Amino acid sequence: MILRAKEGYYRHPTSPEKILRNFYLRDAKTVAIDLLGKILVHRNKGREFRAKIVETEAYLGPHDLAAHSRMGKTKRNEIMFGEGGFAYIFLIYGIYDMFNIVVSEHNDAQAVLIRAGEPLEDPDRRLSGPGKFAQGMHITRRQNGVDLCGDQLFLIDGAPPKKIKKAKRIGVDYAGHWKDRHLRFYDAASEFVSVS
DNA sequence: GCATCGATGGTG
DNA sequence: ACCATCGATGCA
């Protein structure tokens, strides 16, 4: 099944195999890098939205002063303190929902923010930037806590980027020396990355 | 090409 | 008051 014949456009996932739990039970930096090139699938109300992930950020746990888990467990972030492989979604600036994937073991409170993707079906859908990504994928706080090993929201395999770039995370200038850590990763060749 | 600003609502 | 954002605006 070829989806769309447009210049430079993604055509087909190499092997549509669902990503299993053990993928998520590793540290945030490793998973953030390995997520690049994977396909996120969201099935919602009889529709299906898919995107190739091209930009991520790692949040390393309570000691990472940029991570939500730095405050300890609260009503909002409790999903972060659970096992890896679950969706953590929160509202930012009163407007946008941010889609994160909880990773590592129970209580490690690590997560990976998905910052940008390439839409597989409609090339005009903009999925660049975490707010637009969640919006374009129809992911909202209703999906907070959803198991990514289920059938509603999950990942399938995809080819990793040829070249990965690393940079500082966006919007975390409050985080002391953590703001300068290179924990943002993106596909160097993708036009859909939010900030190059 | 910048820098700055407002929208908007949950959180601590 | 702050915020893991975005698009519009103003100025160069």
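First the proteins, then the strands, lettered A, B, ... as listed; each starts at 1. Just so it is clear, the structure is predicted and the values come from calculations on it, not from any experiment.
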| field | side-chain contact (heavy atoms from CB on, under 4.5 Å) between Ile33(A) and Ile164(A), intermediate numbers included | value | CA-CA 8 Å; Ile33(A) 292 168; Ile164(A) 295 172; 3.8 Å; yes
Linking I/L/V/M/F/W/Y whenever any side-chain heavy atoms sit under 4.5 Å apart, do [X] and [Y] land together?
{"X": "Phe185(A)", "Y": "Ile53(A)", "value": "yes"}
{"X": "Leu127(A)", "Y": "Ile139(A)", "value": "yes"}
{"X": "Ile101(A)", "Y": "Ile156(A)", "value": "no"}
{"X": "Val41(A)", "Y": "Phe49(A)", "value": "no"}

| task | Would you mind reporting whether Asn44(A) and Arg47(A) have side-chain heavy atoms less than 4.5 Å apart? | result | no
| message | Within the 4.5 Å heavy-atom criterion, are Glu83(A) and Arg21(A) side-chain neighbours or not? | response | yes
| field | Same-atom distance (C1') from dG7(C) to dG10(B), integer angstrom | value | 22 Å
| request: Within residues 109-116 of chain A, find the residues that approach DNA chain B with a heavy atom at under 4.0 Å, and present them sorted by residue number. | output: none
| Heavy atom of residues 178-187 of chain A under 4.0 Å from DNA chain B: which residues? | none
| request: Would you classify Gly94(A) as touching base, sugar-phosphate or nothing, given that sugar-phosphate means primed atoms plus P, OP1 and OP2, and contacts are heavy atoms under 4.0 Å? | output: base
| query | Under the 4.5 Å side-chain heavy-atom rule for ILVMFWY, direct or indirect, which residues accompany Met80(A)? | reply | Tyr59(A), Ile79(A), Phe81(A), Phe86(A), Tyr88(A), Phe90(A), Ile92(A), Tyr93(A), Ile95(A), Tyr96(A), Met98(A), Val102(A), Leu113(A), Val172(A), Tyr174(A)
| Does NZ or CZ of Lys18(A) fall inside the cone over Phe154(A)'s six-membered ring, less than 6.0 Å from its centre and within 45° of the axis? | yes
Filtered N/O pairs between nucleotides 10-12 of chain B and protein, under 3.5 Å:
{"residue": "dG12(B)", "atom": "OP1", "partner": "Thr74(A)", "partner atom": "OG1", "Å": "3.0"}

| task | Kindly indicate, with the supporting measurements, whether the criterion side-chain contact (heavy atoms from CB on, under 4.5 Å) is fulfilled by Phe23(A) and Val31(A). | result | CA-CA 7 Å; Phe23(A) 176 89; Val31(A) 178; 3.8 Å; yes
Is it true that a side-chain atom of [X] and a backbone atom of [Y] form a donor plus acceptor pair closer than 3.5 Å?
{"X": "Asp27(A)", "Y": "Thr30(A)", "value": "yes"}
{"X": "Asp108(A)", "Y": "Gln110(A)", "value": "no"}
{"X": "Glu48(A)", "Y": "His42(A)", "value": "no"}
{"X": "Arg184(A)", "Y": "Lys168(A)", "value": "yes"}

| field | Intra- and interstrand pairs of DNA chain B - dot-bracket, Watson-Crick/G-U under 3.5 Å, | marks other strand | value | |||||||.|||.
| Of all nucleotides in DNA chain C with an atom under 4.0 Å from a non-hydrogen atom of chain A, which is the first and which the last going 5' to 3'? | dC3(C) to dG7(C)
| request: Check each of Arg115(A), Lys29(A), Arg169(A) against Glu57(A) using the salt bridge (charged side-chain N to carboxylate O under 4.0 Å, His left out) test, and report the only one that passes. | output: Arg115(A)
